[in-house]
Amino acid sequence: MVRDRRFRKNEIIYRQGDPASEVFFVKFGTVDLYVDYKTEDSKLISVVPEGKVFGELGVIEGKPRTMTSVAREDSVVTVVDKDSFPSYIEEHPNKLIVVLESLSSRIRAQSHKLARACIAVAEYAEEKETRGSVDQALLSELETLAKENLKARS
């Protein structure tokens with residue numbers, strides 16, 4: 001089924017851990033994506049503007065939601081259930097580009113994080129080998145990368 005739904009400002013669209021049964025295309029408004037929403041570890045991961053998609057990863061992978069989505073403002077989204085998604089894309093091929101752009105953006109962000117981690121680890125190894133100790137700033141960077149990785153895995 002494909003339908004438009006209205007969400008009021010601060011209304012939760014889906015919660016982290018929910019089964020992923022729908023993909024959402026923002027027609028009007030903006031949606032925030034959080035990890036650990038409304039906890040002390042809550043982190044805003046992404047802001048989804050008009051014309052963009054969210055919730056596609058869980059549907060494509062068949063895995064539970066990794067984030068909570070919340071309407072930042074009064075918003076209208078097109079909701080496409082998992083069974084209707086292939087035919088929706090077939091009927092609206094421009095939406096496939098929107099989905100691919102979203103996936104590409106995520107891959108690019110993860111590649112950037114991986115590159116940062118590799119550089120930090122290489123610098124750590126070099127400092128440890130040449131000086132016998134490691135600069136505190138570098139240790140802080142490694143700690144930050146490790147925390148980001150742990151959050152991404154959970």
Side-chain angles (χ1 to χ4, degrees), residues 1-121 124 137-154:
M1 179 187 329
V2 178
R3 66 194 188 290
D4 285 347
R5 273 196 66 198
R6 295 183 190 284
F7 293 93
R8 293 193 178 162
K9 180 179 180 175
N10 297 322
E11 186 175 353
I12 293 174
I13 299 169
Y14 59 74
R15 295 181 189 280
Q16 185 174 336
D18 284 353
S21 57
E22 300 167 317
V23 177
F24 302 85
F25 293 89
V26 181
K27 283 182 86 170
F28 171 80
T30 309
V31 174
D32 292 335
L33 301 177
Y34 291 91
V35 170
D36 299 328
Y37 183 64
K38 293 245 176 167
T39 70
E40 72 176 45
D41 294 327
S42 182
K43 184 175 181 183
L44 177 63
I45 300 298
S46 183
V47 177
V48 185
E50 219 169 273
K52 298 298 181 181
V53 64
F54 65 100
E56 76 284 4
L57 201 56
V59 168
I60 291 169
E61 290 183 310
K63 294 187 176 180
R65 301 291 185 193
T66 58
M67 294 179 241
T68 297
S69 59
V70 181
R72 175 175 278 210
E73 59 189 327
D74 289 351
S75 300
V76 176
V77 298
T78 300
V79 182
V80 183
D81 71 26
K82 184 176 184 166
D83 293 335
S84 302
F85 186 59
S87 60
Y88 180 78
I89 291 298
E90 200 171 292
E91 293 169 19
H92 303 89
N94 61 318
K95 296 298 184 185
L96 179 58
I97 298 299
V98 174
V99 171
L100 291 173
E101 286 172 345
S102 175
L103 296 173
S104 176
S105 175
R106 288 180 192 192
I107 291 168
R108 183 179 306 278
Q110 290 303 314
S111 295
H112 179 72
K113 284 181 183 179
L114 177 60
R116 278 182 46 220
C118 289
I119 290 166
V121 168
Y124 173 88
L138 180 55
L139 286 174
S140 293
E141 175 72 3
L142 285 169
E143 186 177 297
T144 299
L145 289 167
K147 286 179 181 176
E148 287 176 5
N149 182 53
L150 286 174
K151 275 208 184 282
R153 289 183 10 201
S154 58

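By the 30° and 60° cut-offs, the orientation of the rings of F24 relative to Y14 is tilted.
With S75 contributing its side chain and T30 its backbone, the two residues share a donor-acceptor pair below 3.5 Å.
Residue pairs meeting the ring pair (Phe, Tyr, Trp, His ring centres under 6.0 Å) criterion with at least one partner in residues 62-85, sequence neighbours excluded, are absent. Sorted by first and then second residue, the salt bridge (Lys or Arg N to Asp or Glu O under 4.0 Å) pairs with a member in residues 58-78 read D32-R72; sequence neighbours excluded. Residue pairs meeting the ring pair (Phe, Tyr, Trp, His ring centres under 6.0 Å) criterion with at least one member in residues 63-84, sequence neighbours excluded, do not occur. Applying the salt bridge (Lys or Arg N to Asp or Glu O under 4.0 Å) test to residues at least two apart or on different chains, none of the pairs has a partner in residues 84-100.
Shown here are the side-chain hydrogen bond (donor to acceptor under 3.5 Å, both in side chains) partners of R6, two or more places apart in sequence or in another chain: there are none. A search for side-chain hydrogen bond (donor to acceptor under 3.5 Å, both in side chains) contacts involving D81 returns S84, not counting sequence neighbours. Here F7 pairs with nothing under the ring-ring contact (aromatic ring centres under 6.0 Å, His included) rule; sequence neighbours left out. Listed by chain and number, the residues in a side-chain hydrogen bond (donor to acceptor under 3.5 Å, both in side chains) with E50 amount to none (sequence neighbours excluded). Looking at residues two or more places apart in sequence or on another chain, you find a side-chain contact (heavy atoms from CB on, under 4.5 Å) between V98 and F25, V53. The salt bridge (charged side-chain N to carboxylate O under 4.0 Å, His left out) search around R3 returns E22, not counting sequence neighbours. Evaluation of the side-chain contact (heavy atoms from CB on, under 4.5 Å) rule for R15 yields I12, D18, T68 as partners, not counting sequence neighbours.
By the 4.5 Å heavy-atom criterion applied to side chains, V31 and I13 are counted as neighbours. Looking at V99 and I60, their side chains come closer than 4.5 Å, going by heavy atoms from C-beta outward. Put simply, the side chain of V23 does not reach to within 4.5 Å of the side chain of Y88, judged on heavy atoms.
Shown here for P49 and V26, the closest heavy-atom pair between the two residues is O-CB, 3.6 Å. In this structure, G17 and P64 approach most closely via the heavy-atom pair O-CB, 3.6 Å. In terms of heavy atoms, K82 sits closest to G62 at NZ-CA, 3.9 Å.
With rounding to the nearest 0.5 Å, the separation of NE2 in H92 from CD1 in I97 is 14.5 Å. Taken from CD in E56 to CG in L96, the straight-line distance is 11.5 Å, to the nearest 0.5 Å. Taking OG1 of T66 as the reference point, atom OH of Y34 lies at 15.0 Å (rounded to 0.5 Å).
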Dump the intermediate steps for side chain to side chain contact (heavy atoms under 4.5 Å, CB included) on D36 and K43, then the final yes or no. CA-CA 7 Å; D36 299 328; K43 184 175 181 183; over 6 Å; no
